[in-house]
Amino acid sequence: NSREQALVSAKVVLGTLASCDPEGPLKLLPQCHFDLTVIDEVAQALEAACWVVIPQAPRLLLAGDHLQLPPTIHSKNKEVKDQLSVTLMERLLERYARWDMKVVFMLNIQYRMNRKIMQWSSDTFYQGGLYANQSVENHTLAQLSHVQLVPGLTDTVLLL
């Protein structure tokens, strides 16, 4: 069928951890069809969900920031919540950091926010090691064409 043919001939397949279940559309592919599995935002994913896709390829790349948002867990049971909140990325960091193994590479240039706004998180979480790219380091709301200028508000506002 055309859907199966499209999947088999695709060089890249994107999906959620849940949609990449081996019993879903990926069952149409041969074992180890992919060279690499990438899990983005892995620090927000439940570890069990990651293990659904990990066997799909011989190599694995985890991307995410364990210092940002944790996984969302809906449980009233504190013990369950505590156990599920430890992510695969955190476990790997804990296990391999002891031996000074380089299992993590920090991307230290961000392209999203003004340097003055970014500086707090850089100092608080990354020991000052996060930098704003020059293309955004001095961006303000006032520079956007559809923003009405309001003195004191459309400048960079710091609420610290």
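Alongside V80, the hydrophobic cluster contains L46, I73, L84 (criterion: ILVMFWY side chains under 4.5 Å). Apart from V38 itself, the hydrophobic cluster it occupies contains L36, L61, where clustering links Ile, Leu, Val, Met, Phe, Trp and Tyr at side-chain heavy-atom distances under 4.5 Å.
Interatomic distance, T72 OG1 to Q44 CD, rounded to the nearest 0.5 Å: 7.0 Å. A distance of 10.5 Å separates CD of E4 from NZ of K27, quoted to the nearest 0.5 Å. Note that NE2 of H33 is 10.5 Å distant from CG of L28, once rounded to the nearest 0.5 Å. Here the straight-line distance linking atom CD of E137 with atom CD of Q119 works out to 11.0 Å at 0.5 Å rounding. Atom-to-atom distance recorded for T16:OG1 and E41:CD is 14.0 Å, nearest 0.5 angstrom.
By the side chain to side chain contact (heavy atoms under 4.5 Å, CB included) test, C50 is found to be paired with L17, I39, V42, A45, I54, L88, residues two or more places apart in sequence or in another chain being considered. Residues forming a side chain to side chain contact (heavy atoms under 4.5 Å, CB included) with F125 (at least two apart in sequence, or on another chain): L67, W120, S121. Checked against side chain to side chain contact (heavy atoms under 4.5 Å, CB included), S135 has the following partners two or more places apart in sequence or in another chain: Y111, N133. Residues that satisfy the side chain to side chain contact (heavy atoms under 4.5 Å, CB included) test with T87, not counting sequence neighbours, are P71, M89, E90.
Residues V53 and C20 share a closest heavy-atom pair of CG1-CB, 3.4 Å. Of all non-hydrogen atoms in D21 and V52, the two that sit nearest each other are CA-CG1, 3.7 Å. Taking each heavy atom of A132 and Q110 in turn, the nearest pair found is CB-NE2, 3.2 Å.
Side-chain heavy atoms closer than 4.5 Å link hydrophobic residues (I, L, V, M, F, W, Y) into clusters, and following such links, possibly through other members, connects W51 to L93. Under the 4.5 Å side-chain heavy-atom criterion for ILVMFWY residues, a single connected hydrophobic cluster contains both M118 and M106. A continuous path of ILVMFWY side-chain contacts below 4.5 Å connects F34 to L7, so both sit in one hydrophobic cluster. Under the 4.5 Å side-chain contact rule for hydrophobic residues, M113 and V136 do not share a cluster.
The main-chain N or O of G129 is never found under 3.5 Å from a side-chain atom of Q127 such that the two would form a donor-acceptor pair. The main-chain N or O of Q5 is found under 3.5 Å from a side-chain atom of S9 such that the two form a donor-acceptor pair.
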### Task
Run the numbers on L29 and V8 for side-chain contact (heavy atoms from CB on, under 4.5 Å), then give the verdict.
CA-CA 6 Å; L29 299 174; V8 170; 3.7 Å; yes
### Message
Using side-chain contact (heavy atoms from CB on, under 4.5 Å), reason through E47 and V86 one step at a time and then give a plain yes or no.
### Response
CA-CA 8 Å; E47 182 175 349; V86 178; 5.8 Å; no
